[in-house]
Protein chains: 2
Amino acid sequence: MTQRVAIIGAGPCGLAQLNAFEQAREAGADVPELVCFEKQDDWGGLWNYSWRTGLDEHGEPVHGSMYRYLWSNGPKEALEFADYPFEEHFGGPIPSFPPREVLADYIFGRAEKRDVRRHIRFSTAVRWVERSADGKGFSITVEDLTTREKTTETFDHVIVAIGHFSVPNVPEFPGFDRFPGRILHSHDFRDAVEFENQRLLVVGSSYSAEDIALQCRKYGSGPVTISYRTAAMGFDWPEGMEEVPLLKGMDGKTAHFVDGSTREIDAIVLCTGYQHQFPFMADTLKLRTANRLYPADLYKGVFWLEDPDLMYLGMQDQYYTFTMFDTEAWVARDYVLGRLALPDRSERATDIALWQQREERLDGAFDDIDFQADHIADLASMTDYPAFDIDLTRDIFKAWEHHKDANILTYRDRAGFTSPCTGTASPAHHTDWWVALDDSMATYVGERAPASRTG
Amino acid sequence: MTQRVAIIGAGPCGLAQLNAFEQAREAGADVPELVCFEKQDDWGGLWNYSWRTGLDEHGEPVHGSMYRYLWSNGPKEALEFADYPFEEHFGGPIPSFPPREVLADYIFGRAEKRDVRRHIRFSTAVRWVERSADGKGFSITVEDLTTREKTTETFDHVIVAIGHFSVPNVPEFPGFDRFPGRILHSHDFRDAVEFENQRLLVVGSSYSAEDIALQCRKYGSGPVTISYRTAAMGFDWPEGMEEVPLLKGMDGKTAHFVDGSTREIDAIVLCTGYQHQFPFMADTLKLRTANRLYPADLYKGVFWLEDPDLMYLGMQDQYYTFTMFDTEAWVARDYVLGRLALPDRSERATDIALWQQREERLDGAFDDIDFQADHIADLASMTDYPAFDIDLTRDIFKAWEHHKDANILTYRDRAGFTSPCTGTASPAHHTDWWVALDDSMATYVGERAPASRTG
Ligand SMILES: Cc1cc2nc3c(=O)[nH]c(=O)nc-3n(C[C@H](O)[C@H](O)[C@H](O)COP(=O)(O)OP(=O)(O)OC[C@H]3O[C@@H](n4cnc5c(N)ncnc54)[C@H](O)[C@@H]3O)c2cc1C
Ligand SMILES: Cc1cc2nc3c(=O)[nH]c(=O)nc-3n(C[C@H](O)[C@H](O)[C@H](O)COP(=O)(O)OP(=O)(O)OC[C@H]3O[C@@H](n4cnc5c(N)ncnc54)[C@H](O)[C@@H]3O)c2cc1C
Ligand SMILES: NC(=O)c1ccc[n+]([C@@H]2O[C@H](COP(=O)([O-])OP(=O)(O)OC[C@H]3O[C@@H](n4cnc5c(N)ncnc54)[C@H](OP(=O)(O)O)[C@@H]3O)[C@@H](O)[C@H]2O)c1
Ligand SMILES: NC(=O)c1ccc[n+]([C@@H]2O[C@H](COP(=O)([O-])OP(=O)(O)OC[C@H]3O[C@@H](n4cnc5c(N)ncnc54)[C@H](OP(=O)(O)O)[C@@H]3O)[C@@H](O)[C@H]2O)c1
């Protein structure tokens, strides 16, 4: 009988997995039946922007955490698909920090090129995954959100690719129940102009806090106070922005911080991260992890320790994104195709333990970058993912860290990053990020936009 | 073996069910084991106010749809518990349209009096309900949200009491994806002051639209435009408020309506109702209905046609609330206790059909009120629910409709409604609703507040 592979989610990871299989098929491989379940009505995962928040038209939690005016926070050269360079998609070089619509177009371009859409069942939510009663393979129950019908099918392999930036971590602080204003998590943040002239409190000190705080100020908010728990980001913030220690609580509109200082606040954005949640996985198959570089129980960051026929993609905290997803997907594919033999359980466990021991010793962002680059290199060495200059990407990320420290407002204006795939250096963007209010693809890439997708 | 009864939800309906059983126990009945599963960490359902929106601390959809400054929109005399009059709780008469905190306190008061908390497993979400494999009773899988452990137990009876005003119906209109402002459903509405000075568009023409539109204006919003699909509410709106036909779409901040008119808008509140959703019920046990006075497949509005051991409470569209929940709960209890024999399936089906035929012929609010009063009287005739003057409540509701038509701003200031339980007439409130910005219990009932719950 033909093998059957279930892929859960058609975001960048799920699409990377489908692409990897199609690439093998083009090269003559005998590919099993692929079924990708996607609860949204289109592909792209977080990149499929939605104005919706809370629950969607089917009463399902909205997956999207993306917002308008979001630009890449890392240089695109460090996330390039080695089998589909930016230049191929855009017909020439583009600058290094594209806005959301441009990056999304790039992701969709590769998916269209290999016509992976035919494998995807849209508007279909996975409700339950367990081992089949006969011990062989997996039983998956899905719900068609349009007809509301549930069906159960069996698969030989399951690849979970649902991301981990969709279920918010929402702490409560004293006084929230009586705060006379809006409190939201970054997951529900959509449009900075909603906060025009408002005095904003942003809680958190990672990427979302940094970007949402800056963006609100850029689009006309009042003063922005950023409150950190562990450590300040420490950037040289522009006028009207500052970092303070952790919030103690709200008393009406007055925010009290643990250093005794206070600020008057109109709205609060909790940029307090996300939870890895897999409510549809049977307990014995469920990944339990915080947001870290090497989650437990995943051999090579991909294979479920107890049963490698179950795989998870993209579950790491992310410096690298698409490049890492691709190498993970390529390795998963090779295992499914029988090209890759895995060591036994105890060797797998030891390998995970070694990576995690190294992770514990990491000291700062540069170490993190090297660690994740090594993870990717490790994966690339196991498969035939097209060659690209991974060491160059380490340097790119480190330069980027320096640029951010030097000036948080201008790091996205930098040019001259070299593509690890084509060797071309990126041009400068025509407008500085801090004053570029229009983030449309038409404005960003101008005549470089693929004709079929603009307008 | 002792019979086991599962009650899903500890909102007003679930609490009414527990209270009904405890009342029987006090009167000497042999009561089965009761287990009430409640996903929140406290009782009260919608009345357990939360500042949260979207997903909660466990990543579960927030149940609450209630908001600050909400006052009863119907006179309290039409929702009084016959076994626990308002005067018993507050030690004397109080006015007829209490704010949320006051009504909540009344609900909780009865629940405390009969100590029903001991039956409730809090922070426990029901995940799956199906018939037991042996055909006897039901198998229920629940998840403890704190430990994240799932367990399965069997029950002889299941009573579903999860409400139907928590899963929003969220339509999309053209231009929503580019509207530069906030779009939310009434489910996520929490505090009118968030809309201070904003030009508001409210979509819908039922209770939420009416109340949220008025409230926002009361607390300082800019002009409010209310857009209806089927029919305008037609009240004599105060200055700065108006009703217009259905929204066609947004073009930037400009709202276009089907009559060709336009308005400039800063924020949009979709008061477009809710969905009856029971994702945890096996397909053959799942109620499928719109928001109507007599849902299909429920004999006497309570018993699942195919198997009366499964019951649903409060699934009707609601003029009457607590009074209806109580009579439903009393009848459900009597069936479980073996005191009430039900006719066979075909007779049950005929009875439902007759009620639904009558429902189809209803013409306007007065008919609706009589229909629902008759439903309650029908239930009351089947059990020993304490006597109260149901005909008086019909008159009360009809007077209330007249008061609303006469003046939408002052109907909550009316006094002199007679309690159908005690015969006492309600006093006037000390402050007109339109200018009463403080909705706290302390301010509302003053020295009437039960000492243990104020302050
Ligand atoms: C605000 C924000 C900004 C970001 N910006 C960048 C950036 O600029 N550059 C960058 O490289 N990365 C960025 N990221 C990182 C992001 O994680 C990746 O770019 C990428 O989207 C992850 O892909 P994924 O496929 O793992 O998950 P997702 O993109 O989350 O896709 C998962 C898919 O699974 C589906 N799904 C979920 N549950 C089910 C179910 N039960 N049944 C069926 N389908 C299901 C979802 O609908 C979704 O389509 C950002 C993340 C966030 C939160
Ligand atoms: C905005 C608003 C205002 C209202 N104002 C009034 C008013 O002024 N007066 C009035 O009489 N009525 C009012 N109502 C009507 C309201 O329906 C009732 O007052 C009442 O709350 C309904 O009670 P319930 O028990 O059926 O449902 P709910 O109050 O919704 O309670 C259901 C309970 O079930 C729990 N639950 C849900 N799913 C699960 C699960 N899977 N597992 C475990 N537990 C679960 C929930 O957490 C919740 O506690 C209002 C409704 C809304 C939406
Ligand atoms: N393209 C872009 O510009 C962009 C924008 C936003 C996000 N993103 C991406 O989105 C992903 C998620 O980033 P994220 O910032 O949302 O999550 P994150 O990186 O996991 O950071 C979570 C933050 O929340 C803080 N936090 C958690 N619980 C807290 C509590 N109880 N009180 C106070 N602070 C608390 C943490 O502080 P501690 O350090 O104290 O633990 C940390 O600063 C990343 O991959 C990022 O690249 C990209
Ligand atoms: N205490 C209070 O003051 C208070 C306040 C708010 C709510 N409540 C309670 O909350 C419950 C729910 O009330 P509700 O008003 O939220 O829901 P509802 O009574 O079910 O009304 C839903 C409304 O949405 C409209 N609608 C649905 N889909 C639409 C679409 N696609 N486009 C335009 N309009 C659309 C409907 O219009 P059509 O008529 O065209 O179908 C209807 O007006 C009630 O029990 C109410 O008593 C109480």
Side-chain angles (χ1 to χ4, degrees), chain A residues 49-62 68 125 127-128 141 143 148-150 166-173 175-185 187-188 190-198 219 250 253 266-268 274-277 279-280 282-283 286 288 440, chain B residues 49-62 68 125 127-128 141 143 148-150 166-173 175-185 187-188 190-198 219 250 253 266-268 274-277 279-280 282-283 286 288 440:
Chain A
Y49 172 76
S50 173
W51 58 271
R52 293 176 182 277
T53 56
L55 302 183
D56 71 12
E57 64 274 35
H58 304 295
E60 296 291 306
V62 169
R68 300 179 67 183
R127 294 291 186 222
W128 192 241
T141 301
E143 181 167 353
R148 286 283 167 192
E149 263 172 46
K150 291 203 188 74
S166 281
V167 179
N169 169 46
V170 195
E172 173 157 22
F173 289 86
F176 270 17
D177 56 333
R178 302 194 163 259
F179 174 64
R182 185 173 175 195
I183 305 174
L184 71 161
H185 187 274
H187 173 58
D188 291 328
R190 287 294 176 272
D191 193 333
V193 304
E194 296 173 29
F195 301 94
E196 222 174 303
N197 294 321
Q198 297 197 25
Y219 284 88
M250 300 299 304
K253 288 202 157 196
D266 299 309
I268 301 173
Y274 293 87
Q275 309 180 31
H276 282 67
Q277 286 274 6
F280 54 81
D283 282 356
K286 188 190 287 188
R288 287 179 182 77
S440 69
Chain B
Y49 173 76
S50 173
W51 59 270
R52 294 176 182 274
T53 57
L55 302 183
D56 72 12
E57 64 274 35
H58 304 295
E60 296 291 304
V62 170
R68 300 180 67 181
R127 293 291 187 223
W128 191 240
T141 301
E143 182 167 352
R148 287 284 167 191
E149 264 171 47
K150 291 203 188 73
S166 281
V167 180
N169 168 48
V170 196
E172 173 158 23
F173 290 85
F176 271 17
D177 55 334
R178 301 195 164 260
F179 173 64
R182 184 172 175 196
I183 305 175
L184 71 161
H185 186 275
H187 173 58
D188 292 329
R190 288 293 177 270
D191 193 332
V193 304
E194 297 173 29
F195 302 93
E196 221 174 303
N197 294 322
Q198 297 198 25
Y219 284 87
M250 299 300 303
K253 288 202 159 196
D266 299 309
I268 301 173
Y274 293 86
Q275 310 180 31
H276 282 67
Q277 287 274 7
F280 53 82
D283 282 355
K286 188 191 287 188
R288 288 179 182 77
S440 68

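All values below come from the heavy atoms of this structure, side chains included, with hydrogens, waters and symmetry mates left out. Below, read A as the first sequence line, B as the second, and so on, with proteins coming before strands; counting in each chain starts at 1.
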If you count heavy-atom pairs under 4.5 Å with chain B, which of [options] comes out on top?
options: A:R190, A:E149, A:Q277, A:H58; value: A:Q277
options: A:V167, A:V170, A:T53, A:V193; value: A:V170
options: A:R288, A:R178, A:E60, A:Q198; value: A:R178

Task: Distance, nearest 0.5 Å, that separates CD1 of B:I268 from CH2 of A:W51 - done: 8.5 Å
TODO: Output the distance between atom CG (B:L184) and atom CZ (A:R52), rounded to the nearest 0.5 Å.
DONE: 13.0 Å
Does any heavy atom of chain A fall under 4.5 Å from the side chain of [X], the backbone, both, or neither of them?
X: B:D177; answer: both
X: B:E57; answer: both
X: B:F179; answer: backbone

Engaged part of [X] at the chain B interface, taking heavy atoms whose separation is under 4.5 Å:
X: A:H185; answer: neither
X: A:R127; answer: neither
X: A:R182; answer: both
X: A:F195; answer: neither
X: A:Q275; answer: side chain
X: A:E196; answer: neither
X: A:D191; answer: side chain
X: A:S166; answer: backbone

- [ ] Sequence neighbours left out, what passes side-chain hydrogen bond (donor to acceptor under 3.5 Å, both in side chains) with A:R148? Give chain and number order.
- [x] A:E143
Task: Partner set under side-chain hydrogen bond (donor to acceptor under 3.5 Å, both in side chains) for B:S440, not counting sequence neighbours - done: B:D438, B:T443
TODO: Quick one: which of B:G59, B:P61, B:G54, B:P180 has the most heavy-atom pairs under 4.5 Å with chain A, could you say?
DONE: B:P180
